Amino acid sequence: MRAKIIIIGAGIGGLAAALALQRRGFKVAVYERTAEIREIGAGLMIWANARRALRDLGVDSALEAASSCVNVMRQCNYATGEVISARTNEQIIEKYGFATLQVHRGDLNRVLVEAVRANDPEALHPGHEFVSLKQDSSGAAVSFANGASDHGDAVIGADGNASAVRSFLFPGEATRFNGQVAFRALIPDELVPSSVREHEQAMHAGPKRYLLHYPLRGGRIMNLIGCGQAAAWEEEGWAIPATNEEFAEAYADFAPDLVELIHNIPPGALFKWGLRDRDPLKSWVLGRVAMLGDAAHPMTPFLGQGACIAIEDALLLGRAFAASASVTEALRRYEDARKERGTNVQLWSREEGLALQDPTLPRRSAVDRGLLDYNPASVSV
Ligand SMILES: Cc1cc2nc3c(=O)[nH]c(=O)nc-3n(C[C@H](O)[C@H](O)[C@H](O)COP(=O)(O)OP(=O)(O)OC[C@H]3O[C@@H](n4cnc5c(N)ncnc54)[C@H](O)[C@@H]3O)c2cc1C
C-alpha cells in the first residue's frame, strides 16, 4: 500500500510514529502547534520495552550515547534518607538485555527530529495548531489555526493528553485534575548536596507525596520531581513557575539534604503543574483517524512509562501499515495490537499513584508488573 499519513503533534509519540512510518516507506507530514519543535527541560526514564522499539527505529545507540545510565536505583525512607531497597542496572541488563536510561527530554527530541529530517527534510511543520478535520472514503483533510490545511490517507492524533483531535472525534469528555500537583526542576551538579549525588537515582515516598531524583547528561544535572496530593488546581500547562519556598514547605518533613536540594534550585528552574487524567477510550480509531500516545491513553507518571508506551505505539503503527493492504486494515491492526496494553498501563499507573501515597496499599513498579518483558518489534500485528 502507498499512503500519506498526517500526524498531529511532534511530541515523543508523534516523532517516533513519523520515524516508524518513514522507515517502512510511507510519506508523513507532522504538524506541531508550537513555533519550534522542542521538549521541556525535564528528565525521562526509558526502559527496555521502549528501547527495543528505538533499536528497530535505528536511534537507540544515539540516545544511549546522550543519556545517563545510573548504576543503582534506590527506594529510600523519605524522612531519614535510609535506603530501603535497591535494584542495579546490571540486574536489569541481565534480565532484559537493555539498561534503563535516564534521558533529558531535549536529547530524545533531538535524536528523533534529526532522524525524521534525515529521511525527509520537509516532514516537520511547526507553528500549525490543529483545529478540525473532515474525512470520507477518499481521504482525510485537516485544518489549522493559521489557515493552512493538508490532505492525506490517514490522520494520527499524537497531540498529548489534552488532545484536540480526540476532543474533535469524541466530544463531550475533557481532561480532569486528578488531585495531584507536581514540581519539576533541573539542578546543576555543583548545587546538589553530596549525599543526594551519591544516591544517584532515588525515590523517597512519604505520606501523600514523593520526591524522585536522578542524574542527566552524564551527571552534569540532577532531575528532581516532587508529586503530591493537593486540594485544587486551576491553571493549565507544564511550565507554571513555582517558588523554592512553596516547594520546600510542601516537603518540609523530608530528609534535610532533600530540603536543601529544593532550596538550591536556581532561579527560573522550578515549575509546577496539576496532573490531569482521562478515562480509557472505547475505541482509538474512527474511520481514517487513530489516536496514539497520551492522546490515546493519557497516563499519570507513576510507573514512568507514558513515553515508553507512546514509543511502543509508534512502532506498532508502522508495522501495522507495512502489514496492510488498506488504511482501514492498518488502523484496525494497530488498535488490536495496542489497545489492551495502552489501557492496562494507563489504569495501572493510576493504581500505582494511589499506592505510592498510601503505605497500606501494595506497590508494584513497572518491573514488578512485567512491563519490561514486552517486545514491540516482535509482538504480532
Ligand atoms: C512528571 C512526569 C514524569 C514522567 N516520567 C516519565 C518517564 O520517566 N518515562 C516515561 O516513559 N514517561 C514519563 N512520563 C510520561 C511522558 O512524559 C508522556 O507520556 C509522554 O510525553 C507522552 O508523549 P506524547 O507524544 O503522547 O504527548 P506529548 O509529549 O504531550 O506531545 C504532544 C505534542 O502535541 C502538540 N500539540 C498539542 N495540541 C496540538 C494541536 N492542537 N495541534 C498541533 N500540535 C498539538 C504538543 O505541543 C506536543 O508537542 C512522565 C510524565 C510526567 C508528567
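We count ligands from 1, going down the list as the structure has it; atoms in each ligand are counted the same way. All values below come from the heavy atoms of this structure, side chains included, with hydrogens, waters and symmetry mates left out. As the structure is a computational prediction, the values presented were derived from the model and not from experiment.
- Within the set G13, A16, G43, G293, the minimum heavy-atom distance to atom 23 (O) of ligand 1 is found for G13.
- Looking at A164 against ligand 1, only its side chain comes within 4.0 Å, counting heavy atoms.
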Exercise. Can you check side chain to side chain donor-acceptor pair (under 3.5 Å) on Y96 and D373, steps first, answer last?
Worked result: CA-CA 7 Å; Y96 302 106; D373 293 316; 4.5 Å; no
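- Residue nearest to atom 51 (C) of ligand 1, selected from R184, M299, R105: R105 (by heavy-atom distance).
- The shortest distance between side-chain heavy atoms of F183 and W273 does not fall below 4.5 Å.
- Residue contacts with ligand 1, taken as heavy atom pairs separated by less than 4.0 Å, involve H128 solely via the backbone atoms N, CA, C and O.
- At a heavy-atom distance under 4.0 Å, only backbone atoms of Q305 (N, CA, C or O) approach ligand 1.
- By heavy-atom distance, the residue among S349, A50, P301 lying nearest atom 3 (C) of ligand 1 is P301.
- Taking all heavy atoms of F168, W47, F130, Y31 into account, the minimum distance to atom 41 (N) of ligand 1 is reached by F130.
- Geometrically, ligand 1 and N161 share no nitrogen or oxygen pair separated by less than 3.5 Å.
- Each of the atoms 32 (C), 33 (C), 34 (O) of ligand 1 lies under 4.0 Å from some heavy atom of A158.
- Here R51 pairs with E64 in a salt bridge; the nearest charged N to carboxylate O distance falls below 4.0 Å.
- A cation-pi arrangement is present between R341 and Y374, with the terminal nitrogen or guanidinium carbon under 6.0 Å from the aromatic centre and inside a 45° cone about the axis.
- By the 4.0 Å N-to-carboxylate-O rule, R369 lies close enough to E352 to be salt-bridged with it.
- Within ligand 1, the atoms closer than 4.0 Å to a non-hydrogen atom of E129 are 41 (N), 42 (N), numbered from 1 in the order shown.
- Residues L331 and F321 form a side-chain contact, since some pair of their non-hydrogen atoms from C-beta on lies under 4.5 Å apart.
- Below 4.0 Å from some heavy atom of M45 lie the following atoms of ligand 1, by number and element: 7 (C), 8 (O), 9 (N), 10 (C), 11 (O).
- Linking Ile, Leu, Val, Met, Phe, Trp and Tyr residues whenever their side-chain heavy atoms come within less than 4.5 Å leaves V103 and W47 in two separate clusters.
- For the pair T34 and ligand 1, the shortest N or O to N or O distance does not fall below 3.5 Å.
- Geometrically, ligand 1 and A295 share no nitrogen or oxygen pair separated by less than 3.5 Å.
- Within the 4.0 Å heavy-atom criterion, the part of I8 lying near ligand 1 is the side chain and not the backbone.
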For this session: Take D150 and K4 through the test salt bridge (charged side-chain N to carboxylate O under 4.0 Å, His left out) and record every step on the way to the result.
Result: CA-CA 11 Å; D150 196 5; K4 173 183 166 184; 2.7 Å; yes
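- No option in Q22, K27, R23 other than Q22 meets the side-chain hydrogen bond (donor to acceptor under 3.5 Å, both in side chains) test with N119.
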